[in-house]
Amino acid sequence: MLTKMNKDRAIIITGKHGTGKSTKAKEMLGEPIVLFANEMNIKSVGSIPKEIGIVIEDIHYKPKVDDIIYLLRTYRGEIVLTSINQKSVPVKIKNMCKFKRAGTTQYAQEAIEEI
């Protein structure tokens with residue numbers, strides 16, 4: 001089992017609503033598989049090619065911690081997670097990842113102003 005562990009740490013992108021967390025995560029990985037933390041249902045991690053990558057959205061809202069930790073330990077490709085803030089991330093997940101900030105630009109507000 002230890003030989004299959006992921007060597008690179010996953011990244012958690014934090015920021016308020018509309019700051020581009022999901023956009024930044026998708027830009028980092030290209031065309032990733034997008035999952036929500038409260039709806040994790042991947043049982044066969046080996047069937048996902050490591051070139052694709054996985055984005056796990058909203059880990060601050062009722063995450064399935066055991067499923068996420070299993071994914072972080074076994075998936076060989078890149079994993080990017082998103083959260084509104086750092087303190088809402090469960091400690092078990094927080095210890096396995098490194099954090100990045102999304103930024104302060106309010107993309108959602110700019111889109112509304114254009115309309």
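All figures in this text were calculated on a predicted structure; none of them were measured in a lab.
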From CA spacing to verdict: side chain to side chain contact (heavy atoms under 4.5 Å, CB included), D58, N38: CA-CA 8 Å; D58 301 332; N38 61 344; over 6 Å; no
Residues, nucleotides or ligands: over 12 heavy atoms within 6.0 Å of Y61 OH: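 No - once you tally the heavy atoms of other residues, nucleotides and ligands closer than 6.0 Å, there are 12 at most.
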Neighbour count above 12 (heavy atom, 6.0 Å) for K94 NZ: yes
Taking the side chain as every heavy atom from C-beta outward, state whether [X] and [Y] have any atom pair closer than 4.5 Å.
X   : Y   : value
E57 : V34 : yes
L29 : I54 : no
I56 : M40 : yes
T23 : E27 : yes
V91 : N95 : yes
I69 : I93 : yes
I11 : M28 : yes
I79 : L71 : yes

ILVMFWY network linking V89 to V80, side-chain heavy atoms under 4.5 angstrom: no
I48-L72 co-clustered via ILVMFWY side chain contacts under 4.5 Å: yes
[atom1] of [X] to [atom2] of [Y]: how many Å apart, nearest 0.5 Å?
X    : Y   : atom1 : atom2 : value
K21  : I12 : NZ    : CD1   : 13.0 Å
R101 : K16 : CZ    : NZ    : 10.5 Å
R73  : I68 : CZ    : CD1   : 12.5 Å
T82  : H60 : OG1   : NE2   : 7.5 Å

Donor + acceptor pair across side chains of T14, Q86 (<3.5 Å):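 Note: T14 and Q86 side chains miss the donor-acceptor criterion.
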Donor-acceptor contact below 3.5 Å, side chain Y75 vs main chain G53: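 Side chain of Y75 to backbone of G53, a donor-acceptor pair under 3.5 Å: yes, one is there.
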Test item: R76 side-chain N/O and K50 main-chain N/O as donor-acceptor pair under 3.5 Å: no
For [X] versus [Y], what's the shortest heavy-atom pair and its separation?
X    : Y   : answer
N85  : S88 : OD1-OG, 2.5 Å
P49  : S47 : CD-O, 3.5 Å
A102 : G15 : CB-CA, 4.3 Å

Test log, rule side chain to side chain contact (heavy atoms under 4.5 Å, CB included), inputs S83 and I13: CA-CA 6 Å; S83 177; I13 300 175; over 6 Å; no
Name of the residue among V65, L81, I84 meeting side-chain contact (heavy atoms from CB on, under 4.5 Å) with I59: L81
I52/E78 under side chain to side chain contact (heavy atoms under 4.5 Å, CB included): CA gap, chis, key distance, verdict: CA-CA 8 Å; I52 292 178; E78 287 189 66; over 6 Å; no
